[in-house]
Amino acid sequence: MASQSQGIQQLLQAEKRAAEKVADARKRKARRLKQAKEEAQMEVEQYRREREQEFQSKQQAAMGSQGNLSAEVEQATRHQVQGMQSSQQKNRERVLAQLLGMVCDVRPQVHPNYRIAA
């Protein structure tokens, strides 16, 4: 009986040691995951900073030439507006006469879908 009790005690102790080893392994795994996550976050932040710096430098390069572009666009816009205004002035009388002719020249006629009810 004592040998059975001693065998059970040994099994319980072995189970306890195994549970401790599993708990330690889980803790190590959690630490490694946390460390890997922190390292990945640092890499992401570094990459983000590099890309932001690259973007800023490209934006500065583009903004330097944008002053000329904006003046050119402004001038082209003014030219187009002047062209539209001159076209409007030139064609104004003709368009008004055409509109008045259409409005005043009404030709009454029966719609083709109209049916006389008998």
Side-chain angles (χ1 to χ4, degrees):
M1 192 86 169
S3 65
Q4 278 185 335
S5 170
Q6 187 179 8
I8 292 175
Q9 283 299 97
Q10 286 178 346
L11 284 175
L12 289 174
Q13 287 176 355
E15 185 178 344
K16 185 176 179 182
R17 284 191 306 266
E20 288 174 358
K21 286 183 180 183
V22 168
D24 286 342
R26 286 184 178 157
K27 287 178 186 177
R28 283 193 308 271
K29 181 180 177 182
R31 276 193 304 255
R32 282 188 310 221
L33 285 173
K34 185 176 180 181
Q35 182 181 5
K37 185 177 180 180
E38 289 173 355
E39 288 174 2
Q41 188 66 29
M42 288 173 50
E43 287 179 19
V44 166
E45 287 299 321
Q46 181 180 356
Y47 179 74
R48 184 177 291 136
R49 283 192 299 270
E50 289 172 3
R51 298 298 289 177
E52 182 67 27
Q53 186 177 11
E54 183 179 328
F55 171 74
Q56 293 295 335
S57 65
K58 285 183 180 181
Q59 187 178 23
Q60 281 294 0
M63 292 299 270
S65 64
Q66 190 176 10
N68 296 339
L69 280 175
S70 118
E72 291 175 15
V73 168
E74 186 70 29
Q75 184 179 4
T77 304
R78 279 196 209 111
H79 182 68
Q80 286 179 344
V81 168
Q82 286 174 352
M84 286 183 220
Q85 286 175 344
S86 67
S87 175
Q88 185 264 342
Q89 288 295 329
K90 184 170 50 173
N91 297 321
R92 180 178 180 179
E93 292 301 321
R94 185 177 57 84
V95 171
L96 283 176
Q98 188 178 14
L99 281 173
L100 286 173
M102 288 181 178
V103 170
C104 295
D105 186 25
V106 177
R107 296 185 189 123
Q109 44 182 295
V110 178
H111 194 276
N113 290 338
Y114 179 73
R115 293 187 185 152
I116 300 174

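One distance of note links NZ of K34 with NZ of K37; it measures 9.5 Å at 0.5 Å rounding. How far CG of L100 is from CD of Q98: 10.5 Å, rounded to the nearest 0.5 Å. To the nearest 0.5 angstrom, H79 atom NE2 is 10.5 Å from M84 atom CE.
Side-chain contact between Q56 and E52 is present, with heavy atoms from C-beta onward closer than 4.5 Å.
For the pair S87 (side chain) and G83 (backbone), a donor-acceptor distance under 3.5 Å is absent.
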Show me the donor-acceptor pairs, under 3.5 Å and distance only, between side chains in residues 8-30 and residues at least two apart or in other chains.
none

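By the side chain to side chain donor-acceptor pair (under 3.5 Å) test, R48 is found to be paired with E45, residues two or more places apart in sequence or in another chain being considered.
Summarising the local packing, CD of Q75 is surrounded by 12 or fewer heavy atoms from other residues, nucleotides or ligands at distances under 6.0 Å.
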